[in-house]
Amino acid sequence: MLKMRYLYGVLLQILFLLHYVYCEDFNLFGEAGQAYALVVYIGHPPQKLHVLVDTGSTTLAIAAYARKDSNIYYHEGNSTTLYNSGKEVQAKYSQGTWSGQLASDFIQFPSLPSIPEVRSDLALITKSYKFFMNGSGWQGLLGLAYLPVAAWGENVVVGSWLDFLEKSVKKPMSFELKLCGTQSPVNATHYGKLTMFDDNNATEIRDFVYRTPILRKRWYEVGVLSIRLLNTTKSNNLTESLKGNKTSDFNLNTINIDNCRELNIEKSIVDSGTTSIRMPDAIFRQVVNELRNSAQVSNMLILDEFWYHGEAACWPEPQDWYLPSLAIDILSTEADNQYFTLEIPAQNFMRVITARNNTAATGTVSEFCYKLGLEAGGKETVLGYTAMEGLQVLFNRSAGWIGWKESSCGPNARVTGPFNTTKSLLYMCQLTEQLPDVNVSIKAAQWTLCAISIVAAAVLIYLLAPCIKMFFIRPLPRSQQISLSQAALVEQET
Ligand SMILES: *[C@@H]1O[C@H](CO)[C@@H](O)[C@H](O)[C@H]1NC(C)=O
Ligand SMILES: *[C@@H]1O[C@H](CO)[C@@H](O)[C@H](O)[C@H]1NC(C)=O
Ligand SMILES: *[C@@H]1O[C@H](CO)[C@@H](O)[C@H](O)[C@H]1NC(C)=O
Ligand SMILES: *[C@@H]1O[C@H](CO)[C@@H](O)[C@H](O)[C@H]1NC(C)=O
Ligand SMILES: *[C@@H]1O[C@H](CO)[C@@H](O)[C@H](O)[C@H]1NC(C)=O
Ligand SMILES: *[C@@H]1O[C@H](CO)[C@@H](O)[C@H](O)[C@H]1NC(C)=O
Ligand SMILES: *[C@@H]1O[C@H](CO)[C@@H](O)[C@H](O)[C@H]1NC(C)=O
Ligand SMILES: *[C@@H]1O[C@H](CO)[C@@H](O)[C@H](O)[C@H]1NC(C)=O
Ligand SMILES: *[C@@H]1O[C@H](CO)[C@@H](O)[C@H](O)[C@H]1NC(C)=O
Ligand SMILES: *[C@@H]1O[C@H](CO)[C@@H](O)[C@H](O)[C@H]1NC(C)=O
């Protein structure tokens, strides 16, 4: 009887999971370590391809040649509607480059039925270096940032799909990313949803009370005031007290002015094409030292290679993390002395990269590997998708703000605030003053292009690199710690 009930429970759980994965209409998905991809139809007859949704670049760029590791690409010859200008264009990302040709064709997204098919510029990638990942499930990028950081060539800029869409529907469009992370402890595939809104859909928008201004319309540049850990010892009550609108005890005396200046010294961007939260070296060290100590206090022994060198850590079963949340304070649109806080739980930044349950048939070893979703990034601050999972993030392009709210799916991330400081954060943290709208014309774009370095935002790639197999000493319930090696595990199996 008990067994039946147990089986029934398991069955229900599986059904629930299936429901969750297949019925909640996700349109974004990706493998561990890769960003979120969307299906696109290009040309007539439509060719179905996958593109990464990337707020860190502007151009729709598609592989147009067979690569060593993939023969899925856009076949120029098969589209009757392609116009290829033959003009060379190129783009450089923090990791990888590509070059190709400026072309135009019809673009449609089958999972966005309210969005009409439009003819749009696109870049046909004919050569690339360290851009496509081995065996990646995507063949290109859908850049959603502003024209000044589009791919370009001599006297040409590749226009952005969003601009073509706006011209076609004759109203400004906004988009929302609802990234949910993984849906099951034994499968590292992540899911999410991209939704497009026009300003008539403002009713849905009203609940975005936490908004941050886009300081410059190139990348999605925002004001990040601090990146810190929440104090776990009083976290429960802290969260209660933070719910209100009262002035936080975390004020200018505790906002480290040097840190907030350092965070924005070059720029801080919101980039769905990057995995990690990247921050200046000194701040990274401070945050990770605290995390490491916190792990030690709770008897979790994790090697320094994991914390400081981006190595993976593996265990024979899925892990729950008892680590403090990361708090990211960002400038509010309401006033220049007001900010709000994104609370990113450990589940976000202790990222699953392999989830393999042992199958008796194949005799493989169970393996659950994690990588730290925080990186030291020189002068730039990048809020990659690690900072978005469990939240809904609305990019209101025309009005120039990004809204954040808690999501119904994914990790238990939160948004709290608003909090006031006594002085202007724009001034104290030397945030760039808001610039007027960038004139959306190629001339203006070219002018801007000359003025800025085109080293575009960090796209994608959180290399799954040589995933060092490390089985750590792990506290076992009630018993002594044992050291696990791969050999020991195999023995246990047999
Ligand atoms: C392109 O056309 C060729 C020949 O017409 C056909 O064999 C091939 O399957 C087509 N490829 C795609 C991706 O449609
Ligand atoms: C690329 O993937 C293939 C098949 O999955 C594999 O055989 C090959 O070793 C991989 N190459 C690199 C450089 O990782
Ligand atoms: C994870 O789940 C998806 C969808 O349910 C499936 O397509 C994929 O093969 C799974 N991955 C692994 C490694 O089991
Ligand atoms: C506005 O929202 C509704 C409900 O979500 C949706 O059906 C409709 O397509 C949206 N309109 C536009 C133009 O996106
Ligand atoms: C964008 O912001 C403007 C001004 O705040 C607002 O009127 C408009 O409805 C917003 N659009 C969307 C889709 O949220
Ligand atoms: C956390 O809170 C405790 C008790 O309130 C305090 O002693 C400690 O200094 C705090 N730690 C940090 C990093 O703020
Ligand atoms: C939170 O506050 C309540 C009363 O205000 C107290 O009873 C409780 O012990 C506190 N919890 C923690 C974790 O400090
Ligand atoms: C915070 O600042 C805003 C704008 O300056 C002001 O309207 C609001 O009343 C302040 N709130 C508190 C709690 O001080
Ligand atoms: C919070 O805001 C409400 C109204 O919005 C106000 O009545 C209340 O005094 C505020 N609380 C604090 C602590 O400022
Ligand atoms: C792994 O599989 C075994 C049986 O195949 C099952 O008992 C166990 O619960 C699974 N582990 C997880 C984390 O799902």
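Order of listing sets the numbers, starting from 1, for every ligand and every atom in it. Start at 1 with the first residue, then count along the sequence. The figures that follow rest on heavy atoms only: side chains count, while hydrogens, waters and symmetry mates do not.
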Next on the checklist: If the cut-off is 4.0 Å to any non-hydrogen atom of Asp198, which atoms of ligand 5 fall inside it?
Outcome noted: 13 (C)
Checklist entry - Should the proximity of Phe208 to ligand 5, defined as any heavy atom under 4.0 Å, be assigned to the side chain, the backbone, both, or neither? => result neither
Item to check | Stacked cation flag Arg218 on Tyr146, 6.0 angstrom / 45 deg | outcome: no
Item to check | Backbone N/O of Lys423 and side chain of Asn337: donor-acceptor pair under 3.5 Å | outcome: no
Next on the checklist: I'd like to check the salt bridge (charged side-chain N to carboxylate O under 4.0 Å, His left out) partners of Glu262; sequence neighbours left out, ordered by chain and number.
Outcome noted: none
Item to check | Distance flag, aromatic centroids of Phe197 and Phe175, threshold under 6.0 Å | outcome: no
Checklist outcome for this item: One finds that the ligand 5 atoms under 4.0 Å from a non-hydrogen atom of Asn396 are 1 (C), 2 (O), 3 (C), 8 (C), 10 (C), 11 (N), 12 (C), 14 (O)
Next on the checklist: Under a 4.0 angstrom heavy-atom cut-off, which atoms of ligand 5 come close to Leu394?
Outcome noted: 14 (O)
Checklist entry - Can a cation-pi geometry be assigned to Lys48 and Tyr41, taking NZ or CZ under 6.0 Å from the six-membered ring centre and within 45° of the ring axis? => result no
Item to check | Phe197: numbered ligand 5 atoms lying under 4.0 Å from its heavy atoms | outcome: 13 (C)
